[in-house]
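Predicted model only: the values in this text are computed from it and were never measured. Residue numbers start at 1 and run along the sequence shown.
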Amino acid sequence: MIRHDQRSPRQIRPVTIEKNIAPHAQGSVLISFGNTKVICAATIEESVPRWMKEQNKTGGWITAEYSMLPYSTLTRKQRDSSRGKPDGRGTEIQRLIGRSLRAVADLEKLGPRTLWVDCDVLQADGGTRTAAITGASIAVELAARWLVQEGKTPAPAVKNRVAAVSVGVVGGEILVDLDYPEDKDACVDMNVVMTDKFDFVEVQGSGEENVFSAAQLEGMVSAARDGISQLLEIQKAALD
Ligand code: UDP
């Protein structure tokens with residue numbers, strides 16, 4: 001099957017990573033997966049959440065927030081602040097981003113500080129959570145380098161890199177890094193998060209009014225690994 005943008009089934013969209021786009025943050029990137037564009041910025045706060053103090057937990061904390069800018073979608077998306085309540089989808093996505101980043105962080109090395117990672121979608125065309133995770137990993141690494149340069153930590157508080165990609169079944173075929181038109185037609189939709197050692201951090205897969213076989217699951221995991229290896233190369237090039 002030829003995809004509507006001529007990609008092969010396992011080919012990700014063109015990915016770019018522009019660093020330091022938010023100079024007041026200690027680490028920031030603008031990441032694009034095709035027409036999906038997300039700003040990821042890491043800011044350091046010199047304190048830890050109250051629950052950590054209460055539980056006498058040493059080290060630091062990393063947390064993420066995610067939102068779609070009102071003009072990122074085809075029809076304007078109202079801000080949570082004017083809607084008066086947080087959106088469930090956004091809450092779920094920001095927790096996924098936070099877990100993904102903490103899985104590869106060294107919170108002891110971070111010391112008693114919190115790393116806030118803000119992911120704001122500038123343009124949404126499918127795969128905003130996977131772009132956010134892939135970009136946030138770089139923003140955190142830049143902030144970790146900043147902490148070392150400033151003499152605040154002896155070594156970077158990051159153990160590994162993390163990247164994520166979507167994969168789905170569209171018209172019976174397994175496709176990687178779905179854009180919105182493909183995502184809309186997908187009967188199975190999955191998001192896979194892996195480290196640069198190809199260990200899994202999270203796999204979220206669901207049949208959309210559908211079911212999938214063990215063979216399809218295996219095929220999707222293998223296609224996602226392929227996509228993630230392409231992303232890891234791009235991350236590496238952006239940082240070196
Ligand atoms: N989308 C939208 N408005 C919304 C939620 C989603 O326009 O409130 C579109 C957007 O293009 C997004 C896509 O639907 O990228 C797929 O959304 P999904 O919830 O699967 O998350 P994503 O693929 O962005 O991680």
Side-chain angles (χ1 to χ4, degrees), residues 3-7 11-45 62-101 115-140 142-143 162-168 170 175-186 189-191 193 204 206 208 227 231 234-235 238:
R3 296 171 80 172
H4 74 95
D5 58 1
Q6 319 303 320
R7 278 187 287 155
Q11 192 183 353
I12 59 172
R13 288 172 283 181
V15 173
T16 60
I17 299 175
E18 196 183 329
K19 287 182 292 184
N20 306 320
I21 49 103
H24 290 311
Q26 279 77 34
S28 64
V29 301
L30 170 62
I31 186 162
S32 308
F33 279 26
N35 289 327
T36 286
K37 296 183 198 303
V38 185
I39 300 165
C40 308
T43 315
I44 293 154
E45 185 185 323
I62 298 184
T63 191
E65 296 201 351
Y66 164 98
S67 81
M68 296 175 106
L69 288 164
Y71 45 84
S72 66
T73 48
L74 285 173
T75 49
R76 186 178 188 273
K77 190 179 168 76
Q78 202 181 7
R79 289 181 198 270
D80 286 354
S81 55
S82 43
R83 218 163 63 106
K85 59 171 184 195
D87 131 64
R89 172 182 172 274
T91 307
E92 177 193 321
I93 293 178
Q94 69 190 27
R95 294 186 63 207
L96 168 68
I97 301 168
R99 286 194 299 273
S100 302
L101 297 172
L115 204 54
W116 289 90
V117 184
D118 289 288
C119 299
D120 289 284
V121 179
L122 195 57
Q123 190 177 345
D125 185 29
T128 60
R129 78 193 70 195
T130 53
I133 292 165
T134 307
S137 177
I138 303 302
V140 168
L142 292 171
V162 69
V165 79
S166 71
V167 54
V170 185
L175 303 181
V176 95
D177 189 25
L178 311 184
D179 63 11
Y180 185 56
E182 291 174 332
D183 185 87
K184 248 186 0 199
D185 290 342
D189 189 17
M190 194 154 126
N191 290 291
V193 188
Q204 300 185 324
S206 35
E208 309 268 349
L231 290 169
I234 295 161
Q235 283 180 320

To the nearest 0.5 Å, tell me how far [X] [atom1] sits from [Y] [atom2].
X    : Y    : atom1 : atom2 : answer
L115 : T43  : CG    : OG1   : 7.5 Å
S166 : D189 : OG    : CG    : 6.5 Å
I21  : L122 : CD1   : CG    : 8.5 Å
R99  : I62  : CZ    : CD1   : 14.5 Å
E182 : D5   : CD    : CG    : 6.0 Å
N191 : T130 : CG    : OG1   : 6.0 Å

Taking the side chain as every heavy atom from C-beta outward, state whether [X] and [Y] have any atom pair closer than 4.5 Å.
X    : Y    : result
H4   : P181 : yes
R13  : R7   : yes
I93  : L96  : no
C40  : D118 : no
R89  : R129 : yes
L178 : R3   : yes

Verdict with reasoning, V140 to V117, per side chain to side chain contact (heavy atoms under 4.5 Å, CB included): CA-CA 8 Å; V140 168; V117 184; 3.7 Å; yes
Audit row: Q235, S137, side chain to side chain contact (heavy atoms under 4.5 Å, CB included) steps and yes/no: CA-CA 9 Å; Q235 283 180 320; S137 177; 3.9 Å; yes
Minimum heavy-atom separation for [X] to [Y], with atom names?
X    : Y    : result
I12  : V15  : CD1-CG2, 3.9 Å
A64  : I97  : CB-CG2, 3.7 Å
S67  : D120 : OG-OD1, 2.7 Å
V29  : G135 : CG2-O, 3.4 Å
V38  : A131 : CG2-CB, 3.9 Å
A164 : T134 : N-OG1, 3.1 Å

Pair Y66-T91, side-chain donor/acceptor within less than 3.5 Å: no
Donor-acceptor pair between E65 and W116 side chains, under 3.5 angstrom: no
Donor-acceptor under 3.5 Å (E92 side chain, D87 main chain): no
Side chains of residues 69-79: which donor-acceptor pairs under 3.5 Å do they make with residues two or more places apart or in other chains?
residue, atom, partner, partner atom, Å
S72, OG, L69, O, 2.7
T73, OG1, T75, O, 2.6

Any pair counted as side-chain hydrogen bond (donor to acceptor under 3.5 Å, both in side chains), so long as it reaches residues 18-36, sequence neighbours left out: T16-S32
